[in-house]
Amino acid sequence: MDHFPQNDAPRDLDEALAVQTAFLETMGSNPGGWKAAGSGPGSAPRLALGEPMHGPLLESVFLSSDEPVSLSQFVAPKFELEIALRVADTWAPGDRLPSVRECANMFSGAFVGCEIADSRHADFLKAGWLSCMADNSGMAGYIVGPELSGVDIAALRSDSARYAIDGKTVATELGGQEVYCASEVGHWLIQRIIGRGLTVKKDAILTLGTVTMPQSVAAGSTVEMSIGTFDPLVFRVIA
C-alpha cells in the first residue's frame, strides 16, 4: 500500500485501525478470516499497544498445502507456525458473546497453520507496530493444515509445537509469557472485530499468532509443522 507512505504513519491505535478499515473498503473484499499477532501476555506488540495486533485475512492469501509454495511471489518471507480456529457461527456488531470460560463452542475446528509473513517494510520493527497493523503488513500468505481431530479446544495452548525443515527441528514453542490459550485469543479476536462494527462470518478462519520463532526457508526444502501429537502440516517450498 504505497499510498500510505512511511512518513504518514498512524499516531495511535485508532488511526491504525481506521486505515486498516479503509484498506478493506478499498479492496472491496470480504475477509476469509482474521489474524492476531503478539497474543501472549508478555509479547512485544501486546506490551506496546495494550492488546495483540490484529487484522483481516483476505481470501486471496490462503494457499493450499497440496501445492508447492513458490518463493518468487514474495520479497523476504518468514514462515511462522500458528494455531488456527474455524468459527462455528456468524458474529455481528451488537451480538453478546459467551464468557471466556464457555467460549470453546464458538469454534468448530482447530488446525495447524502457517503464516507467510512478508512486508513492504524492510525492517518492520523499525516501522513500528502501528504502521504494520495499519496496512496489514506481514500477511502475505496463509496455509491451513490438517484439522486437529478430537482436540479439546478449551485446553489447546501454544506450548506443544514442533517445527522442522528437511527433517531437522529448527524451532520449538515460545515459552513463558509468550504462551497463549487458543480459545481465549479467539474469543478476544471476535469481540474486538465486532466491536469495530465489522462482522465475523461463519467458517471464517482465525489465526492466533506465532507459536515459534519465524524461520526463513530455502527453495527445495520440505517444511513440517505440528502441534502436540496431531497430524502435521507438511509442504514443499520452491524457487
For Asp231 against Pro146, the heavy-atom pair lying closest together: O-CG, 3.4 Å
In one Ile/Leu/Val/Met/Phe/Trp/Tyr side-chain cluster, 4.5 Å: Ile194, Trp34: yes
Distance-minimising heavy-atom pair for Val87 and Lys201: CB-O, 3.9 Å
Side-chain donor/acceptor of Gln215 to backbone N/O of Met213, under 3.5 Å: yes
pair Ser216-Lys78: side-chain heavy atoms closer than 4.5 Å: yes
Atom pair CG (Asp89) and CG (Asp203), whose distance is rounded to the nearest 0.5 Å: 9.0 Å
Whether over 12 other heavy atoms sit under 6.0 Å from Asp166 CG: yes
Glu15 side-chain N/O to Arg11 backbone N/O, donor-acceptor pair under 3.5 Å: yes
Shared hydrophobic cluster for Ile143 and Val170 (ILVMFWY, side-chain gaps under 4.5 Å): yes
same_hphob_cluster(Leu97, Leu198) at 4.5 Å side-chain heavy-atom cutoff: yes
Flag side-chain contact, heavy atom, 4.5 Å: Pro93 against Thr199: yes
Hydrophobic cluster membership, Leu58 vs Ile193, 4.5 Å side-chain cutoff: yes
N/O donor-acceptor pair under 3.5 Å between Ser70 side chain and Ala239 backbone: yes
Check: Leu63 and Phe235 side chains under 4.5 Å, non-hydrogen atoms: no
Val112 and Phe230: CA distance, side-chain angles, deciding distance, side chain to side chain contact (heavy atoms under 4.5 Å, CB included) verdict: CA-CA 9 Å; Val112 180; Phe230 297 99; 5.6 Å; no
From Met53 atom CE to Arg46 atom CZ, the distance as rounded to the nearest 0.5 Å: 14.0 Å
Interatomic distance, Ser183 atom OG to Leu206 atom CG [nearest 0.5 angstrom]: 11.5 Å
Any donor-acceptor pair under 3.5 Å from Tyr180 side chain to Gly209 backbone: yes
Side chain to side chain donor-acceptor pair (under 3.5 Å), paired with Tyr142, selected from Glu115, Glu82, Glu80: Glu82
Verify same cluster id: Val185, Ile190 (apolar side-chain graph, 4.5 Å): yes
Verdict with reasoning, Ser226 to Arg162, per side-chain hydrogen bond (donor to acceptor under 3.5 Å, both in side chains): CA-CA 5 Å; Ser226 59; Arg162 179 177 179 269; 5.2 Å; no
Residue pair Gly145 / Phe111: nearest heavy atoms and the distance that separates them: O-CD2, 3.5 Å
Expected output: side-chain Ser160 to main-chain Ile227 donor-acceptor under 3.5 Å: no
Contact summary for Leu130 and Ala16, nearest pair of heavy atoms: O-CB, 3.7 Å
Residues Cys114, Leu233; criterion side chain to side chain contact (heavy atoms under 4.5 Å, CB included); working and verdict: CA-CA 8 Å; Cys114 175; Leu233 165 60; 3.8 Å; yes
More than 12 heavy atoms from other groups under 6.0 Å of CD on Glu67: no
Inter-residue atom distance Ser39.OG - Glu184.CD, 0.5 Å rounding: 11.0 Å
Glu178 side, atom CD; Ser158 side, atom OG - distance, nearest 0.5 Å: 8.5 Å
Spacing of Trp91 atom CH2 and Leu189 atom CG [to the nearest 0.5 Å]: 13.5 Å
Criterion side chain to side chain contact (heavy atoms under 4.5 Å, CB included) on Val237 and Phe79, from CA distance to verdict: CA-CA 11 Å; Val237 176; Phe79 293 74; 4.3 Å; yes
Thr210 side chain to Thr212 backbone, donor-acceptor under 3.5 Å: yes
Closest contact, heavy atoms only, Ala182 versus Ile83: CB-CG2, 4.1 Å
Full working for side chain to side chain contact (heavy atoms under 4.5 Å, CB included) between Leu156 and Leu148: CA-CA 10 Å; Leu156 183 59; Leu148 307 182; 4.3 Å; yes
Lys202 versus Thr90, closest heavy-atom pair with distance: N-OG1, 3.0 Å
Criterion side chain to side chain donor-acceptor pair (under 3.5 Å) against His54, the qualifying member of Lys35, Arg196, Gln20: Arg196
Short side-chain to backbone donor-acceptor contact, His187 and Pro98, under 3.5 Å: yes
